[in-house]
Amino acid sequence: MNPSTPPSKSDSVARCGAAVLTIDLAAVVANWRTLRAQVAPAVCAAVVKADAYGLGALQVAPALARAGCTTFFVALLDEGVALRPYLPGAEIIALLGALPGCEAEHTHHRIVPVLNSLGDIGRWQAYARTTGQRQPAWIHLDTGMNRLGLGADDARRLAAEPERLAGLTLRGWISHLACADQPDHPLSAAQLGRFHQALARLPAGLRSLAGSSGLWRSRAFHLDLVRPGAALYGLNPTPETTNPMHPVITLYSRILQVRTVDTGATVGYGAACVVARPSRIATIAVGYADGALRSLANRGHVFIDRQPASVVGRVSMDLMTIDVTDLPQALVQPGGWVELIGPNRNVDAAAADAGTIGYEILTGLSRRHHRVWLSPATGDQWTS
Ligand SMILES: *Cc1c(COP(=O)(O)O)cnc(C)c1O
């Protein structure tokens, strides 16, 4: 396999998979360019952890690299190792840092760890000493998430004991905003203030605070480098207003059967839906094993040719049932397509239906779908 091309290719969407997921790489690239323009002259990196939020890191990251993106964040070492052959010249940074015993793997594949504690820094320094070479690192300062990173006391200690950084090539400092999706949340400004305060006592490096939402809040959050993920994949980084990003995915499935049921009939497991009128019920080929969450039971919506239909009864592993009583019969036939995510129903709306967020919908998309990546440069379709 040529490492500069994605794993498999076929010419046609028309395979026999029941559910088809399309991923528009041109839209991902357009979104990255929008974000880059928004933050220039700050650097716009790309967060491609969790297989690029479920959309295929091996397809997404090279497309962004060709568009000029040079810095990629993953969560885990293994995610970076998988990407390295496709991104020979890029900086790849692992947000979760180097696990004890895995340091040499980082060096071998040039995956720069984010050091999240004084302990991490000590271990990375000891490792650098054994290699006889300076080792690159980013350092995470916690400014209010209380999740990962050096707290204020540890940051002060690091500033007072600069020898802790001897032997490291300090690439930069990150911190992470807890409430950036809420405009004007006071914690965002407080976190920015704490970040500046800590950095004033520490050695110089690139400074990075904002992800998808933070970068839309104020230029003050841009600093030297931003780390968007969700916005690249079409989720709305500014939920209080219109989405500035292009949609990236569509998910369609097929109608398998349409049946007529009488008042009082029940649909599906647990008889969780009792039909209140003579109804037509369509069974579609998508279930929780495909990422259609069980929380959609009796409350989700799908679209058939721009017309909404409600999910009735529980979602099962491979199947879902929808009420199509009010749709023209000609529209609802076995083999017909049903839109789960698409022009009538974006990921954020589908997530709201399921009582979750778009991030969970994207990362929960199953490998069982027939996947089609629309390529930005050539219009090629990469499929798996
Ligand atoms: C996941 C993550 C991001 C990206 O967040 P989005 O909201 O998807 O843009 C940025 N920084 C860190 C530390 C993260 O864990």
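Position 1 is the first residue of the sequence, and the numbers go up from there. Nothing here was measured: the structure is a model prediction, and the numbers come from that model. Every heavy atom of this structure was used, including side-chain atoms; hydrogens, water molecules and symmetry mates were not. First listed ligand is number 1; within each ligand, the first listed atom is number 1.
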Using a strict cut-off of less than 4.0 Å between a Lys/Arg side-chain nitrogen and an Asp/Glu carboxylate oxygen, indicate whether [X] and [Y] qualify as a salt bridge.
| X | Y | answer |
| --- | --- | --- |
| Asp318 | Arg368 | yes |
| Glu91 | Arg171 | yes |
| Glu240 | Arg217 | yes |
| Arg164 | Asp154 | no |
| Asp51 | Arg367 | yes |
| Asp353 | Arg345 | yes |

For ligand 1, the portion of [X] having any non-hydrogen atom under 4.0 Å away:
| X | result |
| --- | --- |
| Arg227 | both |
| His140 | neither |
| Leu95 | side chain |

Check ligand 1 against [X] and write out every atom of the ligand that is under 4.0 Å from a heavy-atom position of the residue.
| X | answer |
| --- | --- |
| Tyr359 | 6 (P), 7 (O), 8 (O) |
| Ala230 | 6 (P), 8 (O), 9 (O) |
| Pro228 | 9 (O) |

Top protein contact for atom 15 (O) of ligand 1, by heavy-atom distance: Lys49 NZ, 2.7 Å
With atom 5 (O) of ligand 1 as the reference point, say which of Phe73, Tyr53, Tyr233 has the nearest heavy atom. Tyr53
Heavy atoms only: which of Ser212, Ser208, Gly211 is nearest to atom 6 (P) of ligand 1?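 The residue whose heavy atom sits nearest atom 6 (P) of ligand 1 is Ser212.
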Can a donor-acceptor pair be found between the side chains of His176 and Arg227 at a distance below 3.5 Å?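 On atom types as modelled, these side chains qualify, holding a pair under 3.5 Å.
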